[in-house]
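Quick notes on the structure that follows.
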Amino acid sequence: MTIMNLFFKYGLIGFCLTLLIGLGQPYLIGQSALSSELPRILSQSPIVDSNTLIEQGQGYYKNGQFTEAVSLWKKAVSQLADQGNQLQQARVLSYLALGFQELGKWQEAKDAIAKSFNQLQSLPNSPEKSLILAQVLNNQGHLQLSLGNPADALKTWEKVHRLYTRLEDEIGSIGSLINQAQALQNLGQLREAFKTLTQATLHLQSQPDSLLKFTAWSNLGELVRVVGNSNYSDPNWSPLKQYFKLENLTNLEQSKQLLDKSLTLAQKLENPQAIAEAYFQLGNWAKDTYYHQRSLYERTRPSLQNIKPVLDAVTQATDYYQQAITLSNYPLLPIQSQLNDFSILLNTQHWLLKQHYWSKAQTWWQEKLVSQLPNLSQIQAKITNFPLNHTTIDCQIRFSQLLVTLNQIQQTVSQDKAQVPNIYRHSVWTQLDSLFTTTFAKNQQIIQQSHALEDRRSEAYATGISGKLYESTRNLDNAQALTNQAIQISQSIQAWDIAYQWQWQLGRLRKAQGNIDGEFGAIAAYQAAVNTLNTIRQDLATLNPDVRFSFRDEVEPIYRELIDLLLREETPSPKKLIQAREVLAQLQLAELENYLQEACASSDPALIDQIVDEHAPNTAVIYTILLDDRLEVILKLPQPSSCNDINDDNCQHCRDVACNVSTPNPSHLKSETNPPLQHHRVKLSPRQVEETVDQLRTQLTNPQRTSRYRQAIQNTSQPIYNWLVAPFESQFKANGINTLVFVLDGALQTVPMAVLWDGNQYLVQKYAIALNREPQLLAPVPLSQYPLQTLAFGLSQVRSDFAPHQSFQSLANVEAELSQIPSDVTLLNDEFTSQALQNQINARPFSIVHFATHGQFSSNPNETFILAWDKRIQVNELSHYLKSREESLPDPIELLVLSACQTANGDNRATLGLAGIAVRAGARSTIATLWEVNDKSTTAFIQLLYQQLTNSTEPMSKAEAIQQVQKKFLKNPNYKHPYYWAPFVLIGNWLSLFQG
């Protein structure tokens, strides 16, 4: 999927609303040929012949017979001119503009709109003129939108809204709001579009059922998928959620509910085209569900993966698209449905092959694709025969992408032909050359026509996709020439959302040519793509629905492929090590923002260096990077300033050491320094890492906790120790390292590093340990003058009859746990509500916030929450509660403790949820558990932890405090099994609560 899909989806909606307003209704442009009512003729002396011509033209237009519609409307304009009826002539001229634009006759469309306005200018003001002016402006807005000028369209529809409001025409006013939402969608301002659309939808609730209401519901179903659960500031959203029964549903579930209701409404109105449109939108919903299910599958532990939901979503999408094809009387809708259907079927085929599901891949090919493949040539011919407009350009680009995917399937099959002989021997491969030749020619035509239309975005897409076609056929010279051209066009119009795609493509092409380094090498092109992504990452995270579900396909590979190039040599240069680490930090930030659907503070790897060098001279940082064929490990050692005397008051390092727990770093007194970054490589695939981690996680949570099972944990964790730590042990000893900070990648994030076994002891017995995701690292600063204050929440009871509490057990020891915490305010059970949390967290500056309640961290934000008495507080909702705190109490929370939460079972990226909660809380540090821990042992652990943090005779880092408690548990016969002590992890700033 690409960002172009956003316009592909919404383009059809735009056509649907066109007919509601353009053909005689006093409202809008935006959802499909749906109106069957006669046009409103306001002349006191209606002319039957003109009225008949207009009505017949409307019928042709609704059926996609635009040439016939234009012919009739031309005759109507001529008749009205002969009669001197300038008012109605102006209106029908605006209809002509709609017809011309559907025929791709853009200059004629512009001329018709201009003539329409000229007719109105000479007429005296009257309610009738104002109403016609609103209709003409409405159609002008549609023309502006179709010409790629959504900003102008938005301004035009704002004028329309003011006109209808002044005329007290509620339906027209509502329709203009829906049109504004359409323009905002095309501008990428989806949150603003959502607010505008909810306003219109709320006003429509008191209106009778109509095609306008169908349009609003259908559009809202599309938008709520992206922004529904995060739009707490929208006053219209709460009553709409109640009306549509959307409470406690995820975004996708809410979207499905709204689209189902729009389908039911279309069926009630007995409008075949509206029904077809509803099925098309449901097909798009199912397509997004497929990507969502596929993402869930890919981040699930291997032993728990289930492919059935992925394939079921594709089947559902196909069923919906077939309904749209059958029912539609608008000629482009079946082609759009076929293209979307083909896209998801081929995408799934390629994915099954990449996952090495050979048997399923052959079955899928035989059952889903063999009967469809002959239609490719027919689809191509139909697209070629359609008049040029944005929809046909989108269709041609989509068709080109289909050929790219089909070619990728052929290449994959050729490499594994013995595994999939039926696919390898299929006759379709002999037809590819012909399809490619025709498509190249059509793309060149579209490039030229888009340029003539001054539609630079379409020109950039058509040029870039042609380059991608050449790339897939290994014609690298032509591919590179077109890709460079697409980059130049994208940059000239500042279309960064598409520029990065072609910069990535250029990087792949240069890599394929063996051109890696230098100003014009692959690394430079990849870096340009990453830089572009970094400038638009907020828009990608919050505004683009496609990227949200396809992040691992469309965004993440750019970062990883760049890291792969930077670290391809056996001994990468220090410069490339630094650059690779920076790209890793940018990837983690982009991943977190994609998860949260909201921008975070910028990531700065240098901040960790600064903290280590200036504040933590006994700390080393270990970065891990999982690539397709290997695990890369980068080590950061402290680089202290040089001085000759540990008691030198002029040395910042000496002053910092005096403030910290650790003894002076021996290397501090040496004249020589260590390399800033060191490197180690392990030849492992991500799958091998996942399988080892999966086995260790299973062993750690196994209810059998005898010495034999502890031995199994040690045997499984020792290879991970050998990958990450063993190569650097001598460095740690030489530099007096006592704390390790891990910046982990992929599945490695789901197991505690404390449990790694070196053959004699656990890692935690030698080092204090912390985890970090750099976007949330906050620099150490002196605490404010007020003493440490703690706010504690607990839930010892669960309400078995309350849906949000179901599947959870009571936590009998929570009250005992909270009694051991030196808290200033404690809220337990029915006192711990979402409102009480919001009130208390904004009431005073708390240093520590402690939650002793159930919770879950998941790679799905809808499944990341903490459990309160009245609801599940989701990660984005917690962010909403904390926003006002940031304004009144800018100091961050020093420590967030989540003592009874756990990562979602089997989720390899569940710590995204943990990082998300930490970021949302604005906490310097977070202590949490990776799995559901014994209630009694948790109470004992938390009691000892707070004693270490607040009652120690000397300042102790947070990492060392956890280490001390874990070492005490190891000496306790009842709790020595890693199940009890290993799940407690520290994320974020690992230093002391007391700075200096």
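Counting from 1, the numbers follow the sequence of the chain as shown. Atom set for the values below is all heavy atoms of this structure, side chains included, hydrogens, waters and symmetry mates excluded.
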Next on the checklist: Salt bridge check, D694 against R687: does any charged N sit closer than 4.0 Å to a carboxylate O?
Outcome noted: no
Item to check | Any W351 side-chain heavy atom under 4.5 Å of R294 side chain | outcome: yes
Checklist entry - Any donor-acceptor pair under 3.5 Å linking the side chain of T864 with the backbone of S858? => result yes
Item to check | Within 6.0 Å of NZ in K683, more than 12 heavy atoms from elsewhere | outcome: yes
Next on the checklist: For a 4.5 angstrom cut-off between non-hydrogen side-chain atoms, does R568 reach K576?
Outcome noted: yes
Checklist entry - Does the gap between the ring centers of W931 and F984 come in under 6.0 Å? => result no
Checklist entry - Of L724, I625, I720, which is the lone residue that meets side chain to side chain contact (heavy atoms under 4.5 Å, CB included) with L631? => result L724
Checklist entry - Can you find a heavy atom in the side chain of I962 that is under 4.5 Å from one in the side chain of I927? => result yes
Item to check | Q731-Q678 side chain donor-acceptor pair, cut-off 3.5 Å | outcome: yes
Checklist entry - Side-chain donor-acceptor pair under 3.5 Å between Q718 and N722, yes or no? => result no
Checklist entry - If only atom types and distance count, is the side chain of R510 paired as donor or acceptor with the main-chain N or O of G521 below 3.5 Å? => result yes
Checklist entry - Got a sec: does the CG of D628 have more than 12 other heavy atoms crowding it under 6.0 Å? => result no
Checklist entry - Between S685 (side chain) and D629 (backbone), is there a donor-acceptor pair under 3.5 Å? => result no
Next on the checklist: Any side-chain to backbone donor/acceptor pair from N531 onto Q527? Under 3.5 Å, distance only.
Outcome noted: yes
Item to check | Test item: T750 side-chain N/O and A747 main-chain N/O as donor-acceptor pair under 3.5 Å | outcome: yes
Checklist entry - Salt bridge or not for D613 and K636, using N-O below 4.0 Å? => result yes
Next on the checklist: So which atom in R697 and which in L930 form the shortest heavy-atom distance, rounded to 0.1 Å?
Outcome noted: NH2-O, 2.8 Å
Checklist entry - Would W757 and Y762 count as a close aromatic pair, with their ring centres under 6.0 Å? => result yes
Checklist entry - Counting only N and O atoms by type, is there a donor-acceptor contact under 3.5 Å from the side chain of S717 to the main-chain atoms of V755? => result yes
Next on the checklist: Test side-chain hydrogen bond (donor to acceptor under 3.5 Å, both in side chains) on N715 and Q711; report intermediate values, then the result.
Outcome noted: CA-CA 6 Å; N715 291 340; Q711 181 66 48; 3.0 Å; yes
Checklist entry - Is there a donor in the side chain of E561 and an acceptor in the side chain of Y526, or the other way round, less than 3.5 Å apart? => result yes
Next on the checklist: Check whether R681 reaches the backbone of E569 with its side chain - one donor and one acceptor, N or O, closer than 3.5 Å.
Outcome noted: yes
Checklist outcome for this item: Checking N618, T619, I737 against P638 for side chain to side chain contact (heavy atoms under 4.5 Å, CB included), the one that qualifies is I737
Next on the checklist: Is the distance between the ring centroids of Y767 and F732 under 6.0 Å?
Outcome noted: yes
Checklist entry - Under the criterion side chain to side chain contact (heavy atoms under 4.5 Å, CB included), which of V743, V621, L566, D609 is the partner of R581? => result D609
Checklist entry - Is there a donor-acceptor pair under 3.5 Å between the side chain of K958 and the backbone N or O of N989? => result yes
Checklist entry - Under 4.5 Å between any side-chain heavy atoms of L898 and F857, yes or no? => result yes
Next on the checklist: Can you confirm if the NZ or CZ of R705 lies within 45° of the ring axis of Y980 and under 6.0 Å from the centre of its six-membered ring?
Outcome noted: yes
Item to check | Exercise: do T716 and Q699 side chains pair donor with acceptor under 3.5 Å | outcome: yes
Checklist entry - Sub-3.5 Å donor-acceptor pair from the side chain of Q966 to the main-chain atoms of V764, do we have one? => result no
Next on the checklist: Are the side chains of H680 and L635 in contact, using a 4.5 Å heavy-atom criterion?
Outcome noted: no
Item to check | Identified ring-ring contact (aromatic ring centres under 6.0 Å, His included) partner of F969 from the options W981, Y979, F941 | outcome: F941
Checklist entry - Would you say the side-chain atoms of T535 pair up with the backbone N or O of T532, donor to acceptor, closer than 3.5 Å? => result yes
